[in-house]
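What you see below is based on every heavy atom in this structure, not just the backbone, and it leaves out hydrogens, waters and symmetry mates.
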Amino acid sequence: MSTALRNTAPGNTALGKTALGKTALGKTALVNPAVLKSEVRLFRREPGSLFWILGFPTLLLVILGSIPAFRDADPDFGGLRPVDAYVPVSVLLGLTVGGLQAMPQTLTGYRERGILRRMSTTPVRPAALLSAQMLLYGGAALTSSLLALAVGRLAFDVRLPEQPFGYALALVLAVLAALALGAVISALSRTTKIAGAIGSAVFFPAMFCAGVWMPVQTMPDVLARVVGCTPFGAAAEALNQAAAGDWPGWGHLGVLVAWTVLLTAAASRWFRWE
C-alpha cells in the first residue's frame, strides 16, 4: 500500500519544471496552483496509490456485498444488512490509506532528498507543497468515499445517508484527522522506510477502529466505548448515526475535532523541512 518514491530532483520533474517557475503567486499564496497541478500529475502516475486509495475500498465492498449472507438483515447489526454496515467502513478505508500510508512517505521522501530544503530558497515555499499534498490526498479520500457510496447504492441498494449534512461534516472531520495524523507520522520519520513502518503500525489499529474486521455496531459495549475515543472509531460511529438519519453525536464530533487539533499542534511542533 505504500506510495512509490518519486524522482523529485527539481531539474527533471514536473514539480521542478512548473512549480518553481511560478514565482509571483508562490510569494503570497499558501496553496500554489502550479505545485498542486504538479502533485496531481505525479499522483496520477502512481497506480499503487490510485488502486489502494480509490479502488480498494470499493472493491472490498463489492467482494463483501457479493456474499449472499451479507445481503440479509442481521440482528447483530441492529437489523441492518452487513453490507449496509460496511459502506461507512469502506468510506473510512480510503482516507486511512491516503492519510497514514501514502502522504507521510511522499512528504518524507521530499525531505529526505532535500527537495523541501531547496524549495525554501525559492519563492515557492515548502508550505505550498505541504498544503498541496493535503489537498491532493484529502480530495482523493473524498472521491473514494463518494465512489463507495455510489457503488453501495447502485450495486446493493444501500440507502444513501438520510442525514447528508451530518454525514458530510463527520466525513470532512475524519479526513482532517487522518491528514493530521499523517503529518505527525511524517514529522517523526527521518526516512521513507521509517515513515512506512510507523504508518503500517498505525494503519492496522486504525482499520480495526474503523470496523474493517468488526463493525462498531457488533463490538462489545466496553470495546465500542474505547474505540469511540479514537478518531476513526468516532468517525465510524458518527457516519453510522448520520446514515440512519440522526445527527452525529456531538461527543463523536468532539472527539474528531479534539484529535485533529491535538495532532495538528504536534505536527506543527515536530515537523522539520530538512
Asks: Would you mind checking if Arg225 and Asp221 are paired as a salt bridge, meaning a charged N to carboxylate O distance below 4.0 Å?
Replies: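 Salt bridge: no.
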Asks: Counting only heavy atoms from other residues, nucleotides and ligands, does the tally under 6.0 Å from CZ of Phe51 exceed 12?
Replies: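 More than 12 within 6.0 Å, yes.
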Asks: With rounding to the nearest 0.5 Å, note down the distance linking CG in Leu100 to CD in Gln105.
Replies: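 Going from the CG atom of Leu100 to the CD atom of Gln105 covers 11.0 Å.
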Asks: Dump the intermediate steps for side-chain contact (heavy atoms from CB on, under 4.5 Å) on Val40 and Arg44, then the final yes or no.
Replies: CA-CA 6 Å; Val40 171; Arg44 289 168 55 189; 4.0 Å; yes
Asks: Within a radius of less than 6.0 Å around CZ of Arg190, do more than 12 heavy atoms belonging to other residues, nucleotides or ligands occur?
Replies: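 12 or below, so no.
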Asks: Less than 4.5 Å apart, side chain to side chain, heavy atoms only: is that true for Leu54 and Thr143?
Replies: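 They are in contact (side-chain heavy atoms under 4.5 Å apart), so the answer is yes.
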Asks: Using a 3.5 Å distance criterion without hydrogens, assess whether the side chain of Ser131 forms a donor-acceptor pair with backbone atoms of Ala128.
Replies: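 Yes, Ser131 side chain to Ala128 backbone: donor-acceptor pair under 3.5 Å.
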Asks: Check the pair Phe203 / Val97 against side-chain contact (heavy atoms from CB on, under 4.5 Å), numbers first and verdict last.
Replies: CA-CA 7 Å; Phe203 176 70; Val97 173; 3.6 Å; yes
Asks: Does any non-hydrogen side-chain atom of Leu36 lie less than 4.5 Å from one of Asn32?
Replies: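 Heavy-atom side-chain distance check fails, nothing below 4.5 Å.
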Asks: Look at the side chain of Asp246 and the backbone N and O of Ala242, then say whether any donor-acceptor pair between them is shorter than 3.5 Å.
Replies: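 Looks like no, no N/O pair under 3.5 Å.
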Asks: Can you name the nearest heavy-atom pair linking Leu61 to Ala148, along with the distance?
Replies: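 Scanning both residues completely, I find the closest heavy atoms to be CD2-O, 3.6 Å.
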Asks: Do Val226 and Phe232 share a hydrophobic cluster, counting only Ile, Leu, Val, Met, Phe, Trp and Tyr and linking them when any side-chain heavy atoms are less than 4.5 Å apart?
Replies: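 Per the 4.5 Å side-chain linkage, Val226 and Phe232 are not co-clustered.
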Asks: Taking all non-hydrogen atoms of both residues, which atom of Leu95 and which atom of Ala141 are closest, and how far apart?
Replies: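 Minimum heavy-atom contact is CB-CB, 3.5 Å.
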Asks: Distance from Thr106 atom OG1 to Arg111 atom CZ, nearest 0.5 Å?
Replies: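 Between atom OG1 of Thr106 and atom CZ of Arg111 there are 12.0 Å.
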Asks: Just by modelled atom types, is the Gly249 backbone N or O under 3.5 Å from a matching donor or acceptor in the Gln241 side chain?
Replies: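 Yes.
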Asks: Less than 4.5 Å apart, any side-chain heavy atom of Trp247 and any of Leu169?
Replies: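 In short, these two side chains touch, coming nearer than 4.5 Å.
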Asks: Report the distance from atom CH2 of Trp259 to atom SG of Cys229, rounding to the nearest 0.5 Å.
Replies: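 Reported value, rounded in 0.5 Å steps: 9.0 Å.
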Asks: Are the side chain of Ser268 and the backbone of Thr264 linked by a donor-acceptor contact shorter than 3.5 Å?
Replies: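 At least one qualifying donor-acceptor pair exists.
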Asks: Would you check if Leu130 and Met134 make a side-chain contact, meaning some heavy-atom pair closer than 4.5 Å?
Replies: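 They are in side-chain contact.
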Asks: Please check if the side chain of Thr58 supplies one atom and the backbone of Gly55 the other of a donor-acceptor pair under 3.5 Å.
Replies: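 Such a contact is absent between Thr58 side chain and Gly55 backbone.
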Asks: To check you understand the geometry: which heavy-atom pair defines the closest contact between Thr108 and Thr192, and what is its length?
Replies: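 The pair with the smallest heavy-atom distance is CG2-N, 3.6 Å.
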Asks: Kindly compute the distance separating CD1 (Ile194) from CD (Glu112), expressed to the nearest 0.5 Å.
Replies: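 Ile194 CD1 to Glu112 CD: 8.5 Å, rounded to 0.5 Å.
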Asks: Is there a path of hydrophobic side-chain contacts, each under 4.5 Å between heavy atoms of I/L/V/M/F/W/Y residues, joining Val172 to Leu135?
Replies: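 No, separate clusters.
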Asks: How close do Ile53 and Ala140 get, counting heavy atoms only, and between which atoms?
Replies: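 Heavy atoms of Ile53 and Ala140 come nearest at CG2-CB, 3.9 Å.
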Asks: Trp213, Leu92: one ILVMFWY side-chain cluster at the under-4.5 Å cut-off?
Replies: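 Yes.
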Asks: In the single-linkage hydrophobic clustering (I, L, V, M, F, W, Y; side-chain heavy atoms under 4.5 Å), do Leu239 and Val257 co-cluster?
Replies: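 Cluster IDs for Leu239 and Val257 differ.
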Asks: Compare every heavy atom of Val184 with every heavy atom of Ala266, then report the nearest pair and how far apart it is.
Replies: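 Result for this residue pair: CB-CG2, 4.1 Å.
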Asks: Is there a path of hydrophobic side-chain contacts, each under 4.5 Å between heavy atoms of I, L, V, M, F, W or Y residues, that connects Val87 with Leu146?
Replies: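 Unlinked, Val87 and Leu146 end up in two clusters.
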Asks: Is the shortest heavy-atom distance from the side chain of Asp84 to the side chain of Phe77 under 4.5 Å?
Replies: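 Answer no - side chains too far apart.
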Asks: Any side-chain heavy-atom pair from Tyr167 and Val91 closer than 4.5 angstrom?
Replies: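 Yes; the side chains approach each other to less than 4.5 Å.
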Asks: On the ring face of Phe156, is Arg81 found with NZ or CZ under 6.0 Å from the centre and within 45° of the axis?
Replies: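 Verdict for Phe156: no cation-pi partner in Arg81.
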Asks: Would you confirm whether Ser200, through its side chain, and Ala197, through its main-chain N or O, come within 3.5 Å as a donor-acceptor pair?
Replies: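 No, the answer is negative, given that no donor and acceptor are paired below the 3.5 Å cut-off.
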Asks: Between Phe43 and Tyr137 (judged by ring centroids, cut-off 6.0 Å), do the two rings come close enough to count as a pair?
Replies: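 That pair passes the under 6.0 Å test.
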Asks: To the closest 0.5 Å, what do you measure between CZ (Phe56) and OG (Ser90)?
Replies: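 If I round to the nearest 0.5 Å, the distance is 9.0 Å.
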Asks: Which heavy-atom pair separates Ala132 from Val35 by the least distance, and what is that distance?
Replies: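 Taking every non-hydrogen atom into account, CB-CG1, 3.9 Å.
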Asks: Do Phe208 and Val212 make a side-chain contact, defined as non-hydrogen atoms from C-beta onward lying under 4.5 Å apart?
Replies: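 Side chain of Phe208 against side chain of Val212, heavy atoms only: no contact under 4.5 Å found.
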